[in-house]
Amino acid sequence: MEETISLQEIFQVLKKRLKLIVVITLVAVLASALITLFLLTPKYEASSQFIVSQSEPSQELNINDIRTNVEMINTYNVIITSPAILDQVIDELSLEMSSGALASKINVTNAQDSQVVDVTVTDTDPAVAANIANTTVEVFQESIPTYMNVDNVSILSAAVIGDDPSPVSPNVTLNIAIAFVLGAMVGVGLAFLLEYLDT
């Protein structure tokens, strides 16, 4: 015969072990807050934009030219994080890292069918992130005519640092919320386990 458990019994177990559940949840939240605030290094983002356009824009809008530029962006996205570009950035900024390490800090994206490309850099120092983003785009703009025999890259906006930059990670609120949910789940699970083992 199968054992069944009623809602009333569930509530009785939760009520009986409420202190245990609350303590485990609070410990998890406190640990998450301390680790997030004091052990994890905050990281900042800075973005610079460039636009791929015609070198000599014609009077009429040519949809084929725009499509060609959009397709070329995929190639540009690879070139901009290549050692050929990043080694120059490292030399110019006197960075003590390899081109591979620098590439891991850079994220190059563009919206679908858009000629605007975002170069986003993540670093523990907001000023360094902005410098890397701006220098990378500038070096790319200067170098791309050499590699592809084109001159259709224009800087749209440079990365700037606000008066009080906010880190993009770690997310204190999100980490605490996750710890709260996990702590509560562990507490409830442990409460039912102890009740099951209590003979």
Side-chain angles (χ1 to χ4, degrees), residues 35-36 39-175 178:
I35 291 171
T36 302
L39 294 182
L40 298 181
T41 305
K43 293 185 178 181
Y44 300 83
E45 278 186 355
S47 295
S48 181
Q49 291 181 323
F50 66 85
I51 186 169
V52 178
S53 58
Q54 291 300 309
S55 304
E56 298 177 1
S58 58
Q59 297 296 329
E60 296 181 3
L61 181 64
N62 189 330
I63 195 68
N64 289 328
D65 291 339
I66 294 176
R67 187 178 293 114
T68 300
N69 289 335
V70 170
E71 291 172 353
M72 195 175 291
I73 286 173
N74 293 328
T75 303
Y76 287 176
N77 290 353
V78 175
I79 294 174
I80 201 168
T81 55
S82 67
I85 300 296
L86 298 185
D87 284 343
Q88 294 182 57
V89 175
I90 291 170
D91 290 340
E92 193 164 324
L93 296 178
S94 301
L95 301 175
E96 295 182 359
M97 65 177 70
S98 65
S99 58
L102 180 56
S104 67
K105 293 174 175 283
I106 300 174
N107 185 31
V108 184
T109 58
N110 70 293
Q112 187 175 4
D113 297 331
S114 171
Q115 293 177 257
V116 177
V117 179
D118 290 298
V119 178
T120 304
V121 178
T122 305
D123 195 84
T124 55
D125 187 333
V128 171
N131 283 338
I132 292 175
N134 290 333
T135 305
T136 301
V137 172
E138 289 168 4
V139 169
F140 175 74
Q141 183 188 30
E142 294 169 2
S143 303
I144 197 62
T146 304
Y147 296 118
M148 295 191 65
N149 196 27
V150 291
D151 186 16
N152 61 348
V153 174
S154 303
I155 296 176
L156 193 61
S157 65
V160 293
I161 309 168
D163 294 332
D164 186 21
S166 301
V168 294
S169 68
N171 189 325
V172 180
T173 306
L174 179 62
N175 287 356
I178 292 172

Rounded to the nearest 0.5 Å, the CG atom of L156 sits from the CD atom of Q115 at a distance of 11.0 Å

Between the CD atom in Q88 and the OG1 atom in T136, the distance rounded to the nearest 0.5 Å is 10.5 Å

F140 meets the ring-ring contact (aromatic ring centres under 6.0 Å, His included) criterion, sequence neighbours left out, with F50, Y76

Within the structure provided, determine whether L86 and I106 are in side-chain contact (heavy-atom separation under 4.5 Å).
yes

Closest non-hydrogen contact found for A46 with A129 is CB-C, 3.7 Å

- State, with a plain yes or no, whether a side-chain heavy atom of I132 is found less than 4.5 Å away from one of L95. yes

Scanning both residues in full, the closest heavy-atom pair of I90 with S99 reads CD1-N, 3.6 Å

### Note, N77 side chain near N110 side chain (heavy atom, < 4.5 Å)
yes

Would you check if E45 and N107 make a side-chain contact, meaning some heavy-atom pair closer than 4.5 Å? no

OG1 of T122 to OH of Y44, rounded to nearest 0.5 Å, is 12.5 Å

Query raised in the report: Is the side chain of S48 donor-acceptor paired with the backbone N or O of S157 at a distance under 3.5 Å, no angle test?
Result: yes

When every non-hydrogen atom of A133 is compared with those of V119, the smallest separation belongs to CB-O, 4.1 Å

To the nearest 0.5 Å, atom CD1 of I85 lies from atom CD1 of I80 at 7.5 Å

d(T41 OG1, D125 CG) to nearest 0.5 Å is 12.0 Å

Smallest heavy-atom separation, I161 atom then P165 atom, equals CG2-CG, 4.2 Å

Rounding to 0.5 Å, atoms CD (Q49) and OG1 (T120) come to a distance of 8.5 Å

